[in-house]
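See structure below.
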Amino acid sequence: MDMIVTLLMIFLLVTAFFMVFTKQTANAVIAFPIFGSILVVLFVIFQAPSVAMAEAVITAGLATGFFVITFNKTKDSRKE
Amino acid sequence: MVKKLYKLGLVVSLGMFLFVLFSDIHNLDRTSKNYLSEHYISEGVQETGAINLVTSVLYDYRAFDTLGEATVLLTAATILAFLVPVTKADMLGTTFTIIVYQATKYLIPFIAVLGVYVIMFGHLSPGGGFVGGVVMALIPILLSLTYGIDFSEYKLTPNTKKVVEDIGAIGFILLGLLAVLTGNNFLANGQAGFPLGNAGELISAGLIPYLNVMIGIKVGAGLAIIFNSLMKEQ
Amino acid sequence: MELPFVVVTILFCLGIYTIITQKNLIKIVLGFTIVESSLILIFVLVSYQPGGTAPILDKAYHLVVDPIPQALALTSIVIGGSVTAVMLALVIKIQKRYRTLNVDKLRKLKG
Amino acid sequence: MQAAIWLIILPLLTAFFIGISKVFYSYKLLFPLVTGSAILYLYLLISVIDHSYPPKVYSVGDWGLLGINIMVDPFSGLLLLMIALLFLPVIVFSLKYITFHTHNYFILTYIMTAGIAGMVLTADLFNLYVFLEVSSLSSCALVALKKTNKAIEGTFKYLVMSTLGSFFILLATILTYDLTGTLNMAEISVAFQDIPFQIKSILMAFFIFGYAIKIGLIPLHAWLPDSYEESPIPYNVLSSGLVMKSAVYALIRVLYILFGFDFLDETGMLQIGVVWGVVTFLIAHLLAFQQSNVIRLLAYSSIAQIAYITIGLFVGTERGLIGGNFHILNHAIMKGTLFFVIAIFHYSLTAVDIKDLKGLGFRFPLLSFTFVVASLAIVGLPPFNGFISKWLIVEAALDAGFIYAAFSILVGTFLSLTYYLKVIVTLYTKTDKTIEMKEPGLALKLPTIFLGSLCIVFGIAPSLPLSLIDKIPTFLLDHEEYISILLGG
């Protein structure tokens with residue numbers, strides 16, 4: 001169990017750093033749901049199913065949608 | 001460059017602070033039991049009638065927070081509704097194959113059932129009004145994504161959604177005021193004499209399922225407004 | 001319980017760093033979501049006890065995790081989602097008005 | 001005490017009903033709904049303020065200490081008094097002034113008021129955070145209402161800064177829960193006595209940083225003038241009068257009740273607070289002097305006045321608390337009057353730059369006189385209300401040994417006199433230009449003159465509000481009393 005938590009934590013950090021330091025915004029936007037999903041798994045391991053469901057639906061689901069729409073709408077100044 | 005280093009220094013010092021704080025808290029030996037959560041765990045099911053303690057905290061012990069949080073969501077929906085222009089949208093100008101259209105059509109009843117289930121069983125299993133509301137909001141969102149925003153807004157006009165959202169919020173407050181009518185405090189549930197039923201049944205826990213329904217329709221309508229407004233944003 | 005708190009600290013600081021140094025507006029909003037996720041992780045870690053079960057009492061369990069931080073975490077998730085949506089709407093608006101996503105190129109408001 | 005909970009529910013209900021009436025009745029129901037609810041709200045406020053001493057506790061959901069409690073004490077009574085004085089005038093003024101997105105404006109104003117009332121009344125740490133979010137998000141929304149470029153950018157800046165502040169407040173709240181196992185302020189305060197000094201001071205630093213952003217102390221002030229510049233001006237009255245003040249209220253509540261006066265003294269936070277206040281108002285006055293836009297000038301002046309309040313509240317004596325609290329009330333009234341007058345000028349001839357105000361003193365004699373009264377009051381000249389509260393703060397600072405603070409307040413008075421005189425002189429400069437203008441109606445003039453006359457009334461008879469304010473220090477300096485009432489109720 002500790003092994004899994006450690007691995008997931010490391011993945012979480014890697015995804016977060018990737019999101020922040022990647023050059024292209026598209027990569028960051030697509031890494032965001034991965035970040036959310038890892039969090040969901042962590043919440044389930046930490047015995048918080050309600051929080052996990054909310055996180056899955058709101059952060060990893062809808063918020064990603066919001067980001068994708070924003071990304072789509074702002075495509076003409078993406079090259080900067 | 002100096003500015004960047006300065007900012008980095010700020011963040012690193014913040015990290016040091018946090019780290020010291022966490023290690024201090026970790027090293028603190030806490031012998032005294034946490035009486036509040038002990039009480040919730042040992043008495044919560046009898047006092048509120050809900051098996052899911054998170055729901056019983058969210059909709060009974062601390063229902064007032066939930067009212068505030070629903071208000072935040074309504075505020076966000078209001079902001080997005082007035083930020084968008086009146087003109088029509090151009091979003092993801094894609095046409096899909098027929099499979100997508102047909103699949104969406106058949107998916108919608110299942111999503112509706114899932115949403116209603118998550119809302120209604122909020123006091124028995126993980127989920128509840130917020131999550132269920134988001135699932136319900138997926139129906140108009142899916143419609144907008146596949147058939148286009150015009151069709152979605154023809155089926156469910158923004159005004160309808162706005163009214164549904166307001167009705168949900170008003171309903172939450174009115175359910176809270178029911179207790180005031182019986183001479184108790186705002187948002188009282190078990191103390192105001194609403195039958196708690198047998199813990200574990202669908203119709204139990206007094207007002208909690210109804211509060212869940214209200215929050216569910218409020219959140220569903222609110223998020224649908226937010227999503228459609230973002231798509232229409234010019 | 002040591003490692004999770006280190007991770008939370010790093011995530012929190014990373015988010016703050018993103019907010020104050022990144023130039024791209026979308027990245028800044030991502031920074032906000034990172035900070036918020038780290039806070040929710042703290043909520044969940046505070047509630048967790050080794051060997052505890054989820055706070056759904058369909059049977060009698062002898063050790064149950066603390067339900068209060070989980071309820072508070074749900075509240076914060078919804079508030080954070082609303083704030084993110086508003087921010088993104090403003091980002092789209094700013095991009096349409098100024099034709100840029102770079103913070104430095106916005107009209108410099110005199111401080 | 002049933003009325004206390006209605007202070008939060010009634011604005012929310014009104015906001016939701018306005019949303020429904022917008023769809024079905026358009027403008028027909030707006031006027032009766034808005035004014036009726038505002039008058040009812042005024043009645044409720046007065047009845048709650050009337051019963052604010054001795055403090056009373058109302059338990060939401062009958063849970064007692066298990067759930068959320070709301071509490072009315074003289075300090076919250078003061079903030080409620082400010083809502084009572086400002087809210088109805090602002091609503092009357094806005095009904096005439098606001099011509100765009102009218103429904104949304106009123107929905108958001110009511111939600112903001114509910115959030116502020118919630119912040120003021122609640123005795124629960126997480127509930128405080130939730131209502132803080134309600135008030136700051138709706139406040140952001142009101143800034144964006146005009147949808148001009150500056151407004152959108154100002155809103156984004158405001159939202160970023162205020163969310164950053166909220167994160168630190170939330171972090172401190174979680175850790176407080178982790179340490180004490182409860183969210184009730186009184187119980188936290190009792191449990192905090194066993195917590196080591198280092199942990200407590202770091203937590204306090206997080207709380208202070210978070211609220212300092214919301215208050216707008218320098219160097220965390222940059223969002224404030226930008227967000228004021230293009231927002232609807234009646235909102236600025238509420239913003240500088242209530243939103244900033246509610247953050248000050250929450251900070252003082254957290255510091256004095258949770259941590260206790262002795263702890264503040266021990267950590268040296270009182271000295272830091274006074275120094276921070278002095279630096280803030282000196283810089284804010286200098287920045288205000290350079291502004292050409294009256295609204296930005298008033299915004300910087302707001303920052304400076306908040307700094308005076310901070311000095312008064314952090315001096316740490318009974319006198320200082322009374323002075324600071326009286327200045328909270330006075331600043332709301334004076335700044336409200338100034339913003340109302342500017343709003344009328346903006347309504348009549350869209351003038352917001354200082355040079356546009358030339359010669360208006362002869363065109364609007366009564367309104368300009370009100371402006372002069374309010375600006376002299378805010379500078380701190382007798383016989384207006386600002387003089388008395390400033391004098392109390394200076395006296396308290398001298399008593400407590402903060403000679404440099406007292407001296408700098410006098411310097412600050414001269415600095416503020418210079419830039420207000422600049423505006424007043426421009427107002428009374430003769431020009432030959434004839435300007436097209438709309439005649440402001442009674443609905444615009446009446447609230448302005450009401451607030452302006454309060455400046456004089458509270459200056460001549462300060463005992464009226466002081467009878468309420470005198471009771472505040474007992475509950476802040478010695479938190480035992482507050483705790484025992486909250487635990488006992």
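Throughout, a chain's letter reflects where its sequence line sits, starting with A, and its residues are numbered from 1.
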For the candidates D:L145, D:I18, D:I70, D:I195, which exhibits the highest count of non-hydrogen atom pairs separated by less than 4.5 Å from chain B?
D:L145
Check: B:F64 ring centre within less than 6.0 Å of D:F131 ring centre:
yes
When D:L175, D:V23, D:I111, D:L66 are compared by non-hydrogen pairs under 4.5 Å with chain B, the top option
D:L66
Per-residue tally against chain B (heavy atom, under 4.5 Å) across D:G67, D:A141, D:A144 peaks at D:A141
Mind checking the CG-CG spacing from D:L65 to B:L36? Nearest 0.5 Å is all I need.
9.0 Å
Report the C-alpha separation of B:F172 and D:L12 in whole Å, then their side-chain angles, then the decisive distance to 0.1 Å, and conclude whether the side-chain contact (heavy atoms from CB on, under 4.5 Å) test is met.
CA-CA 11 Å; B:F172 191 93; D:L12 286 181; over 6 Å; no
So which N and O atoms of chain B and chain D form donor-acceptor pairs under 3.5 Å?
from, atom 1, to, atom 2, distance (Å)
B:R30, NH1, D:D178, O, 2.7
B:R30, NH1, D:D178, OD1, 3.3
B:Y35, OH, D:E187, OE1, 3.4
B:Y35, OH, D:E187, OE2, 2.6
B:Y40, OH, D:L66, O, 2.4
B:D60, O, D:W63, NE1, 3.3
B:D60, OD1, D:W63, NE1, 3.0
B:R62, NH1, D:D124, OD2, 3.3
B:R62, NH2, D:D124, OD1, 2.7
B:D65, OD1, D:N127, ND2, 2.4
B:F82, O, D:K147, NZ, 3.0
B:N184, ND2, D:D62, OD2, 3.2
B:N185, ND2, D:S59, O, 2.6
B:N185, ND2, D:D62, OD1, 3.1
B:F186, N, D:Y58, OH, 2.9
B:F186, O, D:G61, N, 2.7
B:Q191, NE2, D:D62, O, 3.3

What's the separation between atom CG in B:L18 and atom CG in D:L171, rounded to the nearest 0.5 Å?
6.0 Å
B:A169, part contacting chain D, at a heavy-atom distance under 4.5 Å
both
Heavy-atom cut-off 4.5 Å, strictly under: side chain, backbone, both or neither for D:L108 against chain B?
side chain
Among B:L67, B:V163, B:L21, single out the residue with the greatest number of heavy-atom pairs under 4.5 Å to chain D.
B:L21
Flag yes if more than 12 heavy atoms outside B:F17 fall under 6.0 Å of its CZ atom; otherwise flag no.
no
For B:V180, is it the side chain, the backbone, both or neither that has a heavy atom under 4.5 Å from a heavy atom of chain D?
side chain
Can you tell me if B:F151 has over 12 outside heavy atoms packed within less than 6.0 Å of its CZ?
yes
Can you confirm whether more than 12 heavy atoms, excluding those of B:F82, are under 6.0 Å from its CZ atom?
yes
Hey, which of D:I199, D:V130, D:L203 has the most heavy atom pairs under 4.5 Å with chain B?
D:I199
Non-hydrogen atoms of chain D under 4.5 Å away: do they reach the side chain of B:I173, the backbone, both or neither?
side chain
Heavy-atom count around D:F24 CZ within 6.0 Å, excluding the residue itself: above 12?
no
Heavy-atom distances under 4.5 Å only: say whether B:L177 touches chain D with side chain, backbone, both or neither.
side chain
